[in-house]
Amino acid sequence: MRLSRFYVAQALHLGEQALPEATAHYMAKVLRLKSGDAVQLFDGSGQEFRGVLSEVGKKAVQADLNEQFTGQPDSPLHVHLGQVLSRGERMDWAIQKATELGVNRITPLFSERCEVRLSDERQDKRLQHWQQVAISACEQCGRSTVPEILAPQPLADWQAQRDEDLRLVLHPEHAQPIASLAKPQRLALLIGPEGGLTDAEVSAACAAGFTQACFGPRVLRTETAPIVALSLAQQLWGDF
C-alpha cells in the first residue's frame, strides 16, 4: 500500500514531532487520517522520513518518525524558468508541469504583451498559491526538493540578471534546434506570453546572451512550450 506523502514546512528529524498547523489540519480534517496511519514526510532538504501518526487531535497532529533516507536526487541540469504571466489556469499548469519536469527556479515575468496585471496584495496571494502548486506537484511526483517561485518582475530585469552558461529564448524564427546546442550545467529558459514576445524583446534577450531556439514548425501555446522545452532539455542534458 502506497504511503501518503506530505511536504512539511519545517525541519524534520527522527522521533516525535508536532506538525505545522496547516499540515495537521489537512491530515486530520480533509484526509481524516487517524493515529497509527503510516506517512512519509519531506521538508525540501532532500531527506525523506517515514513513520506513523502517533496523535491526531482537533488542533494538533503528532508524528513518530522512525526512518530517514535520502530522497529523489535532483537532475544534474539546473534550470531557471522565466515564464511570462498568463491568464486563468495556464500559469498553474505551467508551474505544475515544470516542477514535475525538474525545474529548480521559476520567475513569473511581465512583458509588453502580457495581459495579466497584479496589485501588490494580489501578487502576494498569487505567489503563495503558485508555491503551493509546486509543493503539491512535488508531493505527487516524488521530488524531495521544492522549486523556488520568485516574485514576478519585468522581463528586462530578469534577463539582465542571468549568468547561466546557456540561456534560451523560444522563438520560431531564425532559431537553432535545441539538440544542436552544447551541453550546459545551468540553463535559463525564457517563455513568452500568449501573444508572443515582441521583436524588440527577442532582440534584447539576444543582446543579453540568449540564444533563439525552436522545436520545429509549429507554434506552441505559452503553457505547452515549457513542458516541451524542459522535456527535451532533460532528455539531452539532464536525467531522462
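Just so you know, these numbers come straight off a predicted model, no measurement behind them.
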Open item on the list: Under a plain distance cut-off of 3.5 Å, with no hydrogens placed, do Ser35 and Glu55 share a side-chain donor-acceptor pair?
Closed with: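 Result is no, nothing qualifies.
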TODO: Ignoring hydrogens and angles, state whether a donor on the side chain of Gln83 or Thr222 is under 3.5 Å from an acceptor on the partner side chain.
DONE: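 Checked: Gln83/Thr222 side chains pair up, N/O donor to acceptor below 3.5 Å.
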TODO: Taking all non-hydrogen atoms of both residues into account, name the closest pair between Ala229 and Leu170 and its distance.
DONE: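 Scanning both residues completely, I find the closest heavy atoms to be CB-CD1, 3.9 Å.
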For [X], side chain to side chain contact (heavy atoms under 4.5 Å, CB included) partners two or more places apart:
X: His13; value: Gln17
X: Gln161; value: Gln153, Asp157
X: Ala200; value: Thr198

With [X] via salt bridge (charged side-chain N to carboxylate O under 4.0 Å, His left out) - residues at least two apart:
X: Lys183; answer: none
X: Asp43; answer: none
X: Arg87; answer: Glu115, Glu194

Side-chain donor/acceptor pairs under 3.5 Å, residues 60-73, sequence neighbours excluded:
| from | atom 1 | to | atom 2 | distance (Å) |
| --- | --- | --- | --- | --- |
| Glu67 | OE2 | Arg50 | NH1 | 3.2 |
| Gln68 | NE2 | Gln47 | OE1 | 3.3 |
| Thr70 | OG1 | Gln47 | NE2 | 3.3 |
| Gln72 | NE2 | Gly142 | O | 3.4 |

TODO: Take Asp37 and Val52, measure what side chain to side chain contact (heavy atoms under 4.5 Å, CB included) needs, and give me the verdict at the end.
DONE: CA-CA 5 Å; Asp37 284 345; Val52 297; over 6 Å; no
Once you round to the nearest 0.5 Å, how far does [atom1] of [X] lie from [atom2] of [Y]?
X: Gln235; Y: Phe240; atom1: CD; atom2: CZ; answer: 8.0 Å
X: Gln176; Y: Cys214; atom1: CD; atom2: SG; answer: 9.0 Å
X: Ile149; Y: Trp130; atom1: CD1; atom2: CH2; answer: 9.0 Å
X: Arg162; Y: Leu187; atom1: CZ; atom2: CG; answer: 10.5 Å
X: Ser231; Y: Leu236; atom1: OG; atom2: CG; answer: 10.5 Å
X: Gln96; Y: Glu89; atom1: CD; atom2: CD; answer: 10.0 Å

Open item on the list: Counting only heavy atoms from other residues, nucleotides and ligands, does the tally under 6.0 Å from CD of Gln10 exceed 12?
Closed with: yes
For a quick test of your reading: what N or O donor-acceptor pairs under 3.5 Å do the side chains of residues 19-34 make, sequence neighbours left out?
none

Task: Within residues 70-83 or reaching into it, pairs that qualify as salt bridge (Lys or Arg N to Asp or Glu O under 4.0 Å) - sequence neighbours excluded - done: Asp74-Arg143
TODO: Could you name each residue pair satisfying salt bridge (Lys or Arg N to Asp or Glu O under 4.0 Å) that touches residues 197-225, not counting sequence neighbours?
DONE: Arg90-Glu223, Arg221-Glu223
Indicate yes or no for a side-chain donor-acceptor contact from [X] to the backbone of [Y] under 3.5 Å, with no hydrogens or angles considered.
X: Arg167; Y: Ala208; result: yes
X: Gln131; Y: Pro147; result: yes
X: Ser136; Y: Val133; result: no

Could you list the donor-acceptor pairs under 3.5 angstrom formed between side-chain atoms of residues 97-111 and any protein atom two or more places apart in sequence or on another chain?
| from | atom 1 | to | atom 2 | distance (Å) |
| --- | --- | --- | --- | --- |
| Lys97 | NZ | Glu100 | OE2 | 3.4 |
| Thr99 | OG1 | Ile95 | O | 2.8 |
| Asn104 | OD1 | Val79 | N | 2.8 |
| Arg105 | NE | Glu148 | OE1 | 3.1 |
| Arg105 | NH2 | Glu148 | OE1 | 3.2 |
| Thr107 | OG1 | His80 | NE2 | 2.7 |

TODO: Sequence neighbours left out, what pairs pass ring pair (Phe, Tyr, Trp, His ring centres under 6.0 Å) with at least one residue falling in residues 29-51?
DONE: Tyr7-Phe42
